[in-house]
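Right, one structure below, let's go through it.
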There are 2 protein chains.
Amino acid sequence: MAASLDLIFSALSDPTRRQILTLLLEDDMAVTDVAEPFEMSLAAISKHLSVLSNAGLIQQERRGRVKWCKVDPDAMQAAWAWMQGFGHFNPLDLDGLEAHIEKTLQNS
Amino acid sequence: MAASLDLIFSALSDPTRRQILTLLLEDDMAVTDVAEPFEMSLAAISKHLSVLSNAGLIQQERRGRVKWCKVDPDAMQAAWAWMQGFGHFNPLDLDGLEAHIEKTLQNS
DNA sequence: GCGATCGTCAACCGAATGGTTGAATATCCT
DNA sequence: AGGATATTCAACCATTCGGTTGACGATCGC
């Protein structure tokens with residue numbers, strides 16, 4: 001379900017939601033567990049999760065009284081594809097970056 | 001100047017601003033020319049442009065009474081790099097490409 | 001100098017956003 | 001059955017957002 005770019009970018013614009021996504025990247029989690037590291041109410045996190053779900057960035061599946069959340073990279077890919085039109089972005093190459101910095105420092 | 005992901009994603013979440021970016025991708029333009037295709041006031045476009053500029057997505061340079069705007073892909077790369085952590089997105093993905101083309105046509 | 005053009009500023013407006021709290025619903029456990 | 005746990009709902013609040021309009025300061029061309 002490819003949600004609109006409006007919803008995707010808007011969902012990604014909030015730091016709490018981006019942090020939730022990185023959390024979920026490591027492991028699927030229940031709502032309560034997602035909320036644990038944050039200093040805000042459970043209801044607030046629940047809202048953030050439904051924003052993410054609405055944007056297609058996560059999928060939620062209820063098993064019993066627990067609702068499991070997992071990242072769905074498809075929506076992110078849609079946004080990523082849109083951005084591709086603005087340039088050929090190279091994947092982060094930390095080794096290359098380090099080498100470049102070192103070389104730059106040597107030459108200065 | 002890499003602006004925060006908050007500002008970048010937030011700027012990209014508005015369809016008018018994304019449309020402005022695709023406009024500027026084809027050619028650098030003055031504020032009035034950017035505003036021409038839109039059915040909203042010049043002041044509104046001026047605000048959108050300053051949001052984009054604030055996010056680092058465009059650069060503006062004043063020459064005389066005309067302010068020229070051009071895309072700056074660096075900020076987009078920052079957002080792109082963040083997303084990169086969520087999967088190895090394939091640039092040859094046809095669905096994404098098709099979506100991008102469709103969007104571009106819609107916005108022109 | 002004067003009128004036209006370019007762009008921003010300031011004040012305002014309605015709607016959306018991000019948060020709170022307290023009650024409600026549904027499920028699990030014993 | 002009854003109590004604890006998981007999650008959402010509903011109402012509310014302050015702030016931000018996207019838009020308008022009208023006035024304003026610069027700058028250009030004649």
Angle, rounded to 10°, between the helical axes spanning five pairs at each terminus of the helix from dG7(C)-dC24(D) to dT30(C)-dA1(D)?
-> 30°
Nearest nucleotide by nearest heavy atom, which residue falls closer to the 5' end of DNA chain C, R65(A) or K47(A)?
-> K47(A)
Report yes if the side chains of V71(B) and L57(B) come closer than 4.5 Å at any heavy-atom pair, otherwise no.
-> no
Does I8(A) reach the side chain of W82(A), with side-chain heavy atoms less than 4.5 Å apart?
-> no
For DNA chain D, what residues of residues 22-39 of chain A have any heavy atom nearer than 4.0 Å?
-> A30(A), V31(A), T32(A)
For D33(A), the side-chain contact (heavy atoms from CB on, under 4.5 Å) test, sequence neighbours excluded, returns M29(A), A30(A)
Is there any side-chain hydrogen bond (donor to acceptor under 3.5 Å, both in side chains) pair reaching into residues 40-50 of chain B, and which pairs are they, with sequence neighbours excluded?
-> R17(B)-H48(B)
Counted 5' to 3', the first and last nucleotides of DNA chain D within 4.0 Å (strictly under) of a heavy-atom of chain B are dG18(D) to dC28(D)
Please name all residues satisfying side chain to side chain donor-acceptor pair (under 3.5 Å) with Q59(B), sequence neighbours left out, ordered by chain then number.
-> D72(B)
Qualifying residues under side chain to side chain donor-acceptor pair (under 3.5 Å), relative to R63(B), sequence neighbours excluded | E61(B)
Would you indicate what R17(A) reaches in the nucleic acid, counting non-hydrogen atoms under 4.0 angstrom: base, sugar-phosphate, or nothing?
-> sugar-phosphate
Span of DNA chain C, from the first to the last nucleotide whose atoms fall under 4.0 Å of chain A heavy atoms | dG18(C) to dC28(C)
Short side-chain to backbone donor-acceptor contact, S10(A) and L7(A), under 3.5 Å = no
Among V51(B), V34(B), I58(B), side-chain contact (heavy atoms from CB on, under 4.5 Å) partner for I20(B) = V34(B)
Rounded distance [0.5 Å steps], [atom1] in [X] versus [atom2] in [Y]:
X      : Y      : atom1 : atom2 : answer
K70(A) : L25(A) : NZ    : CG    : 13.0 Å
L52(B) : T16(B) : CG    : OG1   : 10.0 Å
D14(B) : L21(B) : CG    : CG    : 10.5 Å

Just jot down the salt bridge (Lys or Arg N to Asp or Glu O under 4.0 Å) partners of R18(A), sequence neighbours excluded, or say none.
-> D6(B)
Specify the residue among S46(A) and T16(B) whose closest nucleotide of DNA chain D lies further upstream toward the 5′ end.
-> S46(A)
Connected hydrophobic set around V66(A), excluding itself, where side chains approach under 4.5 Å | W68(A)
